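What you see is a predicted model, and the numbers here were worked out from it, not measured in a lab. All values below come from the heavy atoms of this structure, side chains included, with hydrogens, waters and symmetry mates left out.
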Amino acid sequence: MAGGAREVLTLQLGHFAGFVGAHWWNQQDAALGRATDAKESPGELCPDVLYRTGRTLHGQDTCTPRLILMDLKGSLSSLKEEGGLYRDKQLDAAIAWQGKLTTHKEELCPKNPYLQDFESSQGVLSSDGVWRVKSIPNGKGSPPLTTATTPKPLIPTEASIRVWSDFLRVHLHPRSICMIQKYNHDGEAGRLEAFGQGESVLKEPKYQEELEDRLHFYVEECDYLQGFQILCDLHDGFSGVGAKAAELLQDEYSGRGIITWGLLPGPYHRGEAQRNIYRLLNTAFGLVHLAAHSSLVCPLSLGGSLGLRPEPPVNFPYLHYDATLPFHCSAILATALDTVTVPYRLCSSPVSMVHLADMLSFCGKKVVTAGATIPFPLAPGQSLPDSLMQFGGATPWTPLSACGEPSGTRCFAQSVVLRGIDRACHTSQLTPGTPPPSSLHACTTGEEVLAQYLQQQQPRVMSSSHLLLTPYRVAPPYPHLFSSCSPQGMVLDGSPKGAGLSFLSLLSSGEHPSVWGTVFLFVPAPDPGSLGQRPHQTRLAALGQLHGCWSGAR
């Protein structure tokens, strides 16, 4: 790893977290591929924060996510638990037993055409059973684990996606995948449905020791571990797994940042009364316990409510998605997540996870909400001041925490990231002698424009802002979601019909929309009487301050 990297270890807990994580790691993989492109500007984001380098038994350099993921039996499809980078058929055959052997083989799940196309572009499986990746350009850097060598890469269809591994294009380290064999992913029996079941999993010595061993493996090779980010399902028993994992991290690695992203799928069915009650209880218990052991907790969902009363899914003006498909919902959440985590992944002047959590927390209350604008509505010929002025006094981002609009609540602090805007558009290019239409048009840098806009909108809010040139590049297997956008992510005028088809055909070439992401904490005025509350009362009070999350929970 490069010297001075502030490493982050990611824990990915649950099946929907796997969907979000697959899109997340695919995006990081695309960013690694861009490092070999001479046309790209120097990287603003440090891949060493999330990735580790290694070498196979045959001397092949690898670059794999610093990741521990947990899922249930039957959730991997064609993906092998041990991965494929380090497999050696000759070592597997070295058995000391000289007696008679009987081999029982389970029928392998066939790979879908997308994964077959991807693997053929990345390397070959030789006759000795060893996976050999293609050579690294110039002998430097990370292996380009992308589909850039394929002229027309296949795009997986929604019908071909059953589990998250069906579209994961990143090779994982053998110590990444940890399967919970006592519960089933498919079927009605043996499901991990309740918070208490999830908690009990990591109380068992087998799973606790396995998690601790994997943690030690990754942590001990870090030069400067800044903390952990947890992607955790909230709606099922994995909320209990996440709470217990966060408690373990807090006990063993005190002083490190622990930022938890609680994930929920799209809108649920009203008729499933018992499952909806489980969903609500798991979410409530998960948020309370995760807040007790994390530096910061943020729920993320495209559903309109965390309560029992279902609400319409989140609406984005320039996105057309199916809220019932985890493949679609997870792609949008991963896009937002890749943007809001920018502060602690920067190459220069990064904000540590601990500092970010301290800035956003308030009186010990650590549950925050998130929002995003995808894509940022910058039309051709517009400047950043022009686009920001179009919002007027309205909130520019769409809430992503299933807590309704933040109107009527007080924002204490916010971390805002705007990315993918060309430098020429950062400031207004007025003709000399023309009076500026607003104070934003008089700013001389894009950073000043963004900071002044936030100050004008919310003068009493403590704001931290970052403006990045690095875009979010949409590449296969990202689903076809965008309309009324140019290949560069510019918002086009006119009807979305037709424009979306043209844009989708160009998405596979790796073009991008710009993304605006923000994380903010909404709290009411502090109540002096709450300072003497017991810890569990304080946690419940923090949970209740998520505006609207309990609407309909009667």
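Without hydrogens or angle criteria, Thr339 side chain to Thr335 main chain gives a donor-acceptor distance under 3.5 Å. For Ser330 (side chain) and Pro326 (main-chain N/O), a donor-acceptor pair under 3.5 Å exists by modelled atom type. Listed for the Ser465 side chain is no donor-acceptor partner under 3.5 Å among the backbone atoms of Leu450.
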Ignoring hydrogens and angles, write down the donor-acceptor pairs under 3.5 Å from the side chains of residues 8-22, residues two or more places apart or on other chains.
from: Thr10; atom 1: OG1; to: Gln229; atom 2: NE2; distance (Å): 3.0
from: Gln12; atom 1: OE1; to: Trp25; atom 2: NE1; distance (Å): 3.2
from: His15; atom 1: ND1; to: Asp71; atom 2: OD2; distance (Å): 2.9

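Ser294 and Thr260 are linked by a side-chain donor-acceptor pair at a separation below 3.5 angstrom, with hydrogens and angles left out of the test.
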Exercise for review: Step by step, work out the side chain to side chain contact (heavy atoms under 4.5 Å, CB included) result for Leu418 and His466.
Suggested key: CA-CA 6 Å; Leu418 178 59; His466 297 275; over 6 Å; no
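Pairs of residues two or more places apart, or lying in two chains, never qualify as salt bridge (Lys or Arg N to Asp or Glu O under 4.0 Å) while including a residue from residues 346-363.
His426 meets the side chain to side chain donor-acceptor pair (under 3.5 Å) test with no other residue; sequence neighbours excluded. Listed by chain and residue number, Arg345, Arg419 satisfy the salt bridge (Lys or Arg N to Asp or Glu O under 4.0 Å) test with Asp338 (two or more places apart in sequence, or in another chain). Residues meeting the side chain to side chain donor-acceptor pair (under 3.5 Å) test with Ser464, sequence neighbours left out: none. Taking the ring pair (Phe, Tyr, Trp, His ring centres under 6.0 Å) definition, one finds that Phe327 meets it with His23, Phe167, sequence neighbours left out.
When each of Leu234, Ile230, Leu287 is paired with Val297, the side-chain contact (heavy atoms from CB on, under 4.5 Å) condition holds for Leu287 and for no other.
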